[in-house]
2 protein chains.
Amino acid sequence: MAKRTFNVERFFQALGDNTRLRLLNLIGEQELCVCYFVEILGHPQPKISRHLAYLRSAGIVSARREGKWMHYRIVTPPHIGAAQILRQTLDWLREDRAMQADRAKLSKACCSPEKFTSLEGAPLPTAITEVCCEAR
Amino acid sequence: MAKRTFNVERFFQALGDNTRLRLLNLIGEQELCVCYFVEILGHPQPKISRHLAYLRSAGIVSARREGKWMHYRIVTPPHIGAAQILRQTLDWLREDRAMQADRAKLSKACCSPEKFTSLEGAPLPTAITEVCCEAR
DNA sequence: CTAATATATGCGCATTGACGTATGTGTGGA
DNA sequence: TCCACACATACGTCAATGCGCATATATTAG
């Protein structure tokens, strides 16, 4: 399914879109299902889905199905250079105001899911579960 | 002329094209004039020029006129994150076979300009002059 | 089997990007 | 002043991309 040969052009092209950068920023070190992206970014679901497909075709994320939900996580690219660049990009995003706001909203959604009716029944992200909810 | 506000999307989009990566690889730490790109890459001059303009619009390179020649060099982006990513990208390119071949061809063109009639009279690159010709 | 939910994909449209070809612009030499 | 040279830009074309909207697919519940 996913492209076999890692493509440098495709890699950078995938990073050349703000929506996709926001998605990557939200995923971070965890595994997230699509409904969170839709809720946090406030964009129509097909748009989110297509951007995730783009990231997948570029070999930057992978998808795992769990029942009705699709979980996305960041994949370490086969090339060391690309891996370093991806990590550095994520570090860079972490310092951005708007990206921080996105992550804060995600934390809130995980800790207080009652305020996000669209997320009722949605599986919690992998790592955020502890990070976020143990802190309370 | 060049875009005032550094744009992250534009930055990555600029890196998402092999021709532009080859140009950046050729420039490296030096200053090169357009005729070298045309000669080494073997692409039509307008194509090279347009890609250089793209890189310039993305704030990745800057141009300096010296007589008839335009010298291009890599600019350090204003954002630390972007600067690191750009440097890492250049390091990554350095390890690529095809990119090494490009640089080798450039060295040859500088050391033996008599074999590259299109480069007669062209100003030598800034740093390659010593690096390449002192070694012989 | 049917319905509902979560997600993916098809379609039409507008924008951008890459390319070749032709032409414009700036500079120095005759 | 006119020409040659180095480079940039305009134009037309075609492919890729992004988007909204509608619809298809997969899975689970009933």
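In what follows, chains are A, B, ... by sequence order, proteins preceding strands, each numbered from 1.
Looking only at distances, no side-chain donor or acceptor of R10(A) sits under 3.5 Å from a matching main-chain atom of F12(A). Listed for the Q13(B) side chain is a donor-acceptor partner under 3.5 Å among the backbone atoms of G16(A). R73(A) places no side-chain N or O within 3.5 Å of a backbone atom of Q30(A) that could act as its donor or acceptor partner.
Summarising the geometry, the separation between CD1 on I48(B) and P on dT9(D) is reported as 15 Å, rounded to the nearest angstrom. In this structure, H43(B) places its NE2 atom 19 Å from C1' of dA8(D), rounding to the nearest Å. One interatomic measurement links the two molecules: CG of L52(A) to C1' of dT7(C), which rounds to 10 Å at whole-angstrom precision. Between the CH2 atom of W69(B) and the P atom of dT27(C) there is a distance of 13 Å, rounded to whole Å. Atom CG of L23(A) is separated from atom P of dG18(D) by 12 Å (rounded to the nearest Å). Atom CZ in R64(B) sits about 15 Å away from atom C1' in dT27(C), given to the nearest Å. Rounded to whole Å, the distance from CE on M70(A) to P on dT25(D) is 16 Å. If you take CD of E9(A) and P of dG17(C), they are 15 Å apart, rounded to a whole angstrom.
Separating the CZ atom in F11(B) from the OG1 atom in T89(B) is a distance of 6.0 Å, to the nearest 0.5 Å.
With sequence neighbours excluded, the residues that form a side chain to side chain contact (heavy atoms under 4.5 Å, CB included) with R94(A) are E29(A), L90(A), D91(A), R103(A).
Residue-to-nucleotide proximity on DNA chain D shows that, of S49(B) and K68(A), the 5′-proximal contact is made by S49(B).
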Close N or O pairs between protein and nucleotides 18-25 of chain C (under 3.5 Å):
unit_1, atom_1, unit_2, atom_2, d
dA18(C), OP1, D17(B), OD2, 3.4
dA18(C), OP1, R20(B), NH1, 3.3
dA18(C), OP1, R20(B), NH2, 2.8
dA18(C), OP2, R20(B), NH1, 3.1
dC19(C), OP1, K47(B), NZ, 3.1
dC19(C), OP2, H51(B), NE2, 2.6
dG20(C), N7, R50(B), NH2, 2.9
dG20(C), O6, R50(B), NH2, 3.4

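Note that R20(A) lies in the cation-pi zone of Y54(A), set by a 6.0 Å cut-off to the ring centre and a 45° limit from the axis.
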### Task
Kindly determine whether R56(A) and S62(A) satisfy side-chain hydrogen bond (donor to acceptor under 3.5 Å, both in side chains), including the steps that lead there.
CA-CA 6 Å; R56(A) 197 147 34 106; S62(A) 71; over 6 Å; no
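Closest approach to the C33(B) side chain among dC7(D), dA8(D), dT5(C) is made by dC7(D) (side chain taken as heavy atoms from C-beta onward).
Taking only side-chain nitrogens and oxygens, R10(A) comes nearer than 4.0 Å to OP1 or OP2 of dT17(D).
Across all strands shown, Y72(A) has heavy atoms under 4.0 Å from sugar-phosphate atoms exclusively, and none from any base.
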